Amino acid sequence: MARVTCDLGAAEVLATDGEERLLDLVRANAPDADVRRLDWAAPGEQGTFDVVLGADLIYSSGAVASGLLETCTALCRPGGTLVLCAPRGRHGLNELVDAMRRDARWAAATVERFSATDVADGHTFLLVTAARSENLPHPVRSDSLQLRRSGQLPASTGRCGEASGLPPPAAPEYVPHGRRPA
């Protein structure tokens, strides 16, 4: 994919793989690309891009838990597009799409089915396309661990229903039905 992207004239191409041993192969196939190892669990600073492409990244359920969605979100700048291709029936793809649809950082996620008879002997693939939301004025969904570390969220004992140290929310004012605005 990196080779085709370079050949089509992309100004900047970052090609990644999680396996160190495969990076030389990626460099040989896409000599004009910036090639780096990328670990979804600790993506580091890779930069952000208008388009993030991924092929055959999901092998089993747990892709969301392994950091794929967070890595894609970090790589795709607000207003950008994510395009993932995976063989139909791959476990974990529905989990990823469902997570994207619940995540306010992604404005839309669509799944299209296509067959690639010319290159893949009739295998059916799913193409996931998602639009990255523009920056939100406030965090709608945040990583609670990061908020706790930064001091924006009080430490928790992990017990359900514990007092947070914040005052309870004010009860809404009761307005009789006849006095409510139309």
Side-chain angles (χ1 to χ4, degrees), residues 1-136 140-141 143 146:
M1 211 158 58
R3 173 65 180 261
V4 171
T5 306
C6 287
D7 289 349
L8 290 174
E12 183 180 4
V13 176
L14 171 63
T16 66
D17 200 288
E19 298 287 334
E20 187 72 39
R21 63 185 175 84
L22 296 176
L23 294 180
D24 285 336
L25 180 63
V26 175
R27 284 183 190 92
N29 286 328
D32 295 330
D34 178 10
V35 179
R36 299 184 206 161
R37 183 177 180 282
L38 179 63
D39 180 358
W40 298 343
E45 291 295 319
Q46 304 291 335
T48 59
F49 302 88
D50 292 324
V51 179
V52 175
L53 304 172
D56 209 16
L57 298 175
I58 303 168
Y59 295 96
S60 63
S61 59
V64 174
S66 68
L68 176 59
L69 180 57
E70 291 304 318
T71 298
C72 290
T73 303
L75 290 172
C76 190
R77 70 176 44 113
T81 302
L82 171 68
V83 179
L84 300 175
C85 179
R88 184 176 60 96
R90 187 64 59 90
H91 294 287
L93 186 61
N94 289 340
E95 174 190 359
L96 178 66
V97 172
D98 289 345
M100 291 176 80
R101 288 179 175 159
R102 288 188 310 267
D103 193 321
R105 297 171 297 177
W106 294 97
T110 61
V111 179
E112 297 176 47
R113 194 176 148 167
F114 71 96
S115 294
T117 54
D118 54 337
V119 294
D121 299 327
H123 286 76
T124 303
F125 294 87
L126 296 176
L127 189 66
V128 177
T129 307
R132 178 77 159 80
S133 299
E134 294 293 335
N135 280 334
L136 301 170
V140 173
R141 176 178 178 265
D143 178 19
Q146 279 184 331

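When reading the values below, keep in mind they use all heavy atoms of this one structure, side chains included, and skip hydrogens, waters and symmetry mates. By convention here, the first residue in the shown sequence is residue 1. Everything numeric in this text was worked out from a predicted model, so none of it was measured.
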- request: Without swapping roles, check the side chain of Arg132 against the backbone of Leu82 for a donor-acceptor pair under 3.5 Å.
  value: no
field: Nearest heavy-atom neighbours spanning Val51 and Leu53
entry: CG1-CD2, 3.7 Å
query: Taking only residues at least two apart or on different chains, which pairs with a member in residues 39-52 satisfy side chain to side chain donor-acceptor pair (under 3.5 Å)?
result: Arg36-Gln46, Thr48-Arg77, Asp50-Arg77
query: Residues two or more places apart in sequence or in another chain: which of them pass side-chain contact (heavy atoms from CB on, under 4.5 Å) with Ala15?
result: Ala2, Val26, Ala33, Val35
Considering all heavy atoms, the nearest Thr110-Arg101 contact: CA-NH2, 4.2 Å
- request: Under the side chain to side chain donor-acceptor pair (under 3.5 Å) rule, collect the residues that match up with Asn29, sequence neighbours excluded.
  value: none
- prompt: Got a sec, which residues hit side chain to side chain donor-acceptor pair (under 3.5 Å) with Asp56, two or more places apart in sequence or on another chain?
  reply: Arg90
message: I need the minimum non-hydrogen distance between Met100 and Ala130, along with the two atoms involved.
response: CE-CB, 3.2 Å
- prompt: Under the salt bridge (charged side-chain N to carboxylate O under 4.0 Å, His left out) test, which residues partner Arg37, sequence neighbours left out?
  reply: none
- request: Kindly indicate whether the side chain of Val13, heavy atoms from C-beta on, has any atom under 4.5 Å from the side chain of Asp32.
  value: no
- request: Give the minimum heavy-atom separation between Gly47 and Leu75, together with the two atoms involved.
  value: O-CD2, 3.6 Å
query: By side chain to side chain donor-acceptor pair (under 3.5 Å), which residues pair with Thr16, not counting sequence neighbours?
result: none
